[in-house]
Amino acid sequence: MEATAAQDYRTSHPLTDGHTHIDQFAPDDVGPLLERAREANVRLIIAAGVTVDSCRRVQTLADAHPQVYAGVGLHPADLTGWVDDRTAAELRQLAAHPKVVEWSETGLDYMPHSPPHDVQQDAFRQQIRLAREFGLPLVTHSREADDDTLRLLREEGAGEVGGAWHYFQGDLRLAERVIDLGFYVSLAKPLLRIPELQAAVEHIPLDRIVIETDSYPQPFKKNPIRRTEPWHLPQVAAKLAELQRTDIETVAEVTTANYLRMLRGRVGAGPLQSSEG
C-alpha cells in the first residue's frame with residue numbers, strides 16, 4: 001500500500017517540500033494533510049500562489065501553520081490578460097508579507113490553449129523584476145518553453161536572486177544550463193517513473209538539487225489516499241538517494257540545506273526541528 005511505502009522511507013532528518021498547492025485543497029483537508037506530512041518528517045512546506053487570490057490563500061495558511069511558508073506569483077497558464085499596474089501593485093503588497101520567502105509560481109507554459117506567448121513573457125519579465133526588487137528567489141515553471149524561459153531569466157538578471165527550476169523533467173544538458181544560471185534543479189514524483197530523467201539525475205551534483213511534490217487535490221484520483229501530498233516526499237528522496245548512490249538521510253540533509261540556502265535565511269529553525277529532538 002502506498003501509505004505504508006511512504007512511512008518506510010521516513011527519515012530522521014527533516015525534509016523540505018519546496019513546492020505545493022495546498023491552498024487548493026478543501027479547508028477541512030488541510031489539517032489532516034499537514035499532520036500526515038509531519039508524521040513523514042516533512043517539516044517545511046512551501047505553498048505557491050498562482051493567482052492574486054491564491055497568493056492570499058497561501059498567506060492565510062502560512063499565518064495559521066508554523067510549518068507552512070508562502071510564495072507569491074502568477075502562473076502563466078492562469079493569466080487572464082496583460083499584467084497591469086494594479087496587479088503589479090497587488091503583487092508588491094503580497095510580497096511584503098513576513099512569511100513570503102520566494103516568488104512562486106511564475107514562468108512560461110506553451111501548451112495548447114495557454115495564454116499568448118507575448119502576454120506570458122511580459123508577465124514573466126515583470127515578475128522577475130519584482131522578485132529582484134524584493135530579493136526573493138524565483139521558482140520557475142517551464143513547459144514546452146525551456147529556451148525562452150532560460151533566455152528571459154538570463155536577460156532579466158534572475159541569477160541575482162537565484163531560485164529553482166520547478167518539476168524538472170529535462171536532460172542533463174538542460175540541468176547544466178539551469179545550474180549555470182545559479183538555480184537549483186527541483187525534482188518531484190516524475191523521478192520515480194521516467195528513465196531518461198533518472199539517467200540525467202545520476203550526474204547532477206546533489207548540492208544543486210532540491211525536492212518537492214507539487215501537491216494539489218487531483219480530483220481525478222478516486223481514492224484520496226493516492227493523491228500526491230507532502231507526505232509522499234520521502235519517496236522522491238529515496239529514489240534520489242538510489243540514483244546518487246548515497247543514503248536517504250544524506251539526501252534529506254543536503255536537499256533541505258540547499259533549500260534553506262536558496263531562501264537566504266528567511267525561514268527560522270523552528271519548523272525544521274526534527275521529530276527526534
Side-chain angles (χ1 to χ4, degrees), residues 18-24 46-64 68-111 113-167 178 181-184 186 212 214 216 262-267:
H19 193 94
T20 72
H21 297 287
I22 59 173
D23 69 296
Q24 297 182 23
I46 312 296
V50 295
T51 64
V52 169
D53 286 343
S54 173
C55 290
R56 294 191 181 107
R57 291 198 303 269
V58 299
Q59 290 182 1
T60 298
L61 286 174
D63 284 336
V68 178
Y69 281 73
V72 297
L74 304 178
H75 191 291
D78 288 308
L79 295 169
T80 57
W82 298 93
V83 175
D84 56 20
D85 291 344
R86 177 180 176 180
T87 301
E90 288 180 304
L91 290 172
R92 278 193 175 88
Q93 184 179 31
L94 290 162
H97 187 280
K99 288 196 76 175
V100 167
V101 294
E102 62 188 31
W103 203 279
S104 175
E105 177 178 1
T106 184
L108 300 174
D109 191 314
Y110 288 176
M111 293 292 284
H113 312 299
S114 290
H117 294 186
D118 56 349
V119 171
Q120 291 190 46
Q121 291 185 19
D122 178 74
F124 191 24
R125 285 188 187 276
Q126 289 196 55
Q127 291 180 85
I128 297 170
R129 293 169 190 173
L130 286 166
R132 292 181 61 195
E133 177 182 330
F134 283 88
L136 294 172
L138 286 144
V139 175
T140 302
H141 171 104
S142 179
R143 188 156 50 179
E144 304 296 330
D146 293 344
D147 286 341
D148 278 352
T149 301
L150 287 162
R151 177 177 60 83
L152 266 61
L153 288 169
R154 187 169 52 251
E155 289 177 359
E156 295 295 335
E160 177 184 311
V161 291
W165 191 282
H166 153 62
Y167 214 74
V178 168
L181 272 174
F183 277 59
Y184 290 89
S186 188
E212 59 165 288
D214 198 26
Y216 69 100
M262 187 185 93
L263 298 181
R264 301 181 185 181
R266 290 182 178 84
V267 174

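Positions are given from 1 along the sequence.
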Can you list the residues that meet the ring-ring contact (aromatic ring centres under 6.0 Å, His included) rule with His19, with sequence neighbours excluded?
-> His21, His166

Compare all side-chain heavy atoms of Glu155 with those of Arg125 and state whether any distance is below 4.5 angstrom.
-> yes

Worked verdict on Gln24 versus Val50 for side-chain contact (heavy atoms from CB on, under 4.5 Å) = CA-CA 10 Å; Gln24 297 182 23; Val50 295; 4.1 Å; yes

When rounded to the nearest 0.5 angstrom, what is the spacing between CG in Asp122 and CD in Gln127?
-> 10.0 Å

Sidechain-backbone polar pair: Gln126 side chain, Ala88 backbone, donor-acceptor under 3.5 Å = no

Rounded to the nearest 0.5 Å, the CH2 atom of Trp103 sits from the CG atom of Leu74 at a distance of 7.5 Å

The reported gap from CD in Glu90 to CG in Asp53 (rounded to nearest 0.5 angstrom) is 8.5 Å

Name of the residue among Val83, Leu91, Thr106 meeting side chain to side chain contact (heavy atoms under 4.5 Å, CB included) with Leu130 | Leu91

Is there a donor-acceptor contact under 3.5 Å from the side chain of Ser186 to the main chain of Trp165?
-> no

Taking only residues two or more places apart in sequence or in another chain, which ones pass ring-ring contact (aromatic ring centres under 6.0 Å, His included) with Tyr167?
-> none

So do Leu153 and Phe183 actually touch side chain to side chain, heavy atoms under 4.5 Å?
-> yes

Might you point out which heavy atoms bring Val58 and Ala70 nearest each other, and give the distance in Å?
-> CG2-CB, 3.8 Å

Looking only at non-hydrogen atoms, find the nearest pair between Ala158 and Leu138 and report the distance.
-> CB-CD1, 3.7 Å

Would you check, one step at a time, whether the test side-chain contact (heavy atoms from CB on, under 4.5 Å) holds for Val139 with Met262?
-> CA-CA 10 Å; Val139 175; Met262 187 185 93; 4.2 Å; yes

So which heavy atom on Ser104 is nearest to which on Ala48, and how close?
-> OG-CB, 3.3 Å

Is atom CD of Gln93 surrounded by more than 12 heavy atoms (other residues, nucleotides or ligands) closer than 6.0 Å?
-> no

Nearest heavy atoms of Val101 and Pro137, plus distance in Å = O-CD, 3.5 Å

Where is the tightest heavy-atom contact between Ala95 and Leu136, given as atom of each residue plus distance?
-> CB-CD1, 4.3 Å

Is Asp148 salt-bridged to Arg151, going by a charged N under 4.0 Å from an acidic O?
-> yes

Got a second to check how far Leu152's CG is from Gln120's CD, nearest 0.5 Å?
-> 10.5 Å

Check whether any side-chain N or O of Arg264 sits under 3.5 Å from a backbone N or O of Val161 as a donor-acceptor pair, and report yes or no.
-> yes

Distance-only, no hydrogens or angles: does the Lys99 side chain make a donor-acceptor pair with backbone N or O of Gln59 under 3.5 Å?
-> no

For Ala123 and Leu79, the nearest pair of non-hydrogen atoms, with its separation, is CB-CD1, 3.7 Å

Of all residues at least two apart in sequence or in a different chain, which pass the side-chain contact (heavy atoms from CB on, under 4.5 Å) check with Arg143?
-> Asp109, Met111, His141

Partner set under side-chain hydrogen bond (donor to acceptor under 3.5 Å, both in side chains) for Arg129, not counting sequence neighbours | Glu156

Could you please spell out the steps behind the side-chain contact (heavy atoms from CB on, under 4.5 Å) verdict for Thr87 and Trp82?
-> CA-CA 9 Å; Thr87 301; Trp82 298 93; over 6 Å; no

Sequence neighbours excluded, which residues qualify as side-chain contact (heavy atoms from CB on, under 4.5 Å) partners of Ala145?
-> Leu108, Tyr110, Ser142, Thr149

Tell me yes or no: between the side chains of Ser54 and Asp23, is some donor less than 3.5 Å from an acceptor?
-> yes

side-chain contact (heavy atoms from CB on, under 4.5 Å) filter on Asp85, not counting sequence neighbours, yields none

Report the C-alpha separation of Leu94 and Val100 in whole Å, then their side-chain angles, then the decisive distance to 0.1 Å, and conclude whether the side-chain contact (heavy atoms from CB on, under 4.5 Å) test is met.
-> CA-CA 8 Å; Leu94 290 162; Val100 167; 5.9 Å; no

Straight-line distance of Thr20 OG1 to Asp214 CG, nearest 0.5 Å | 8.5 Å

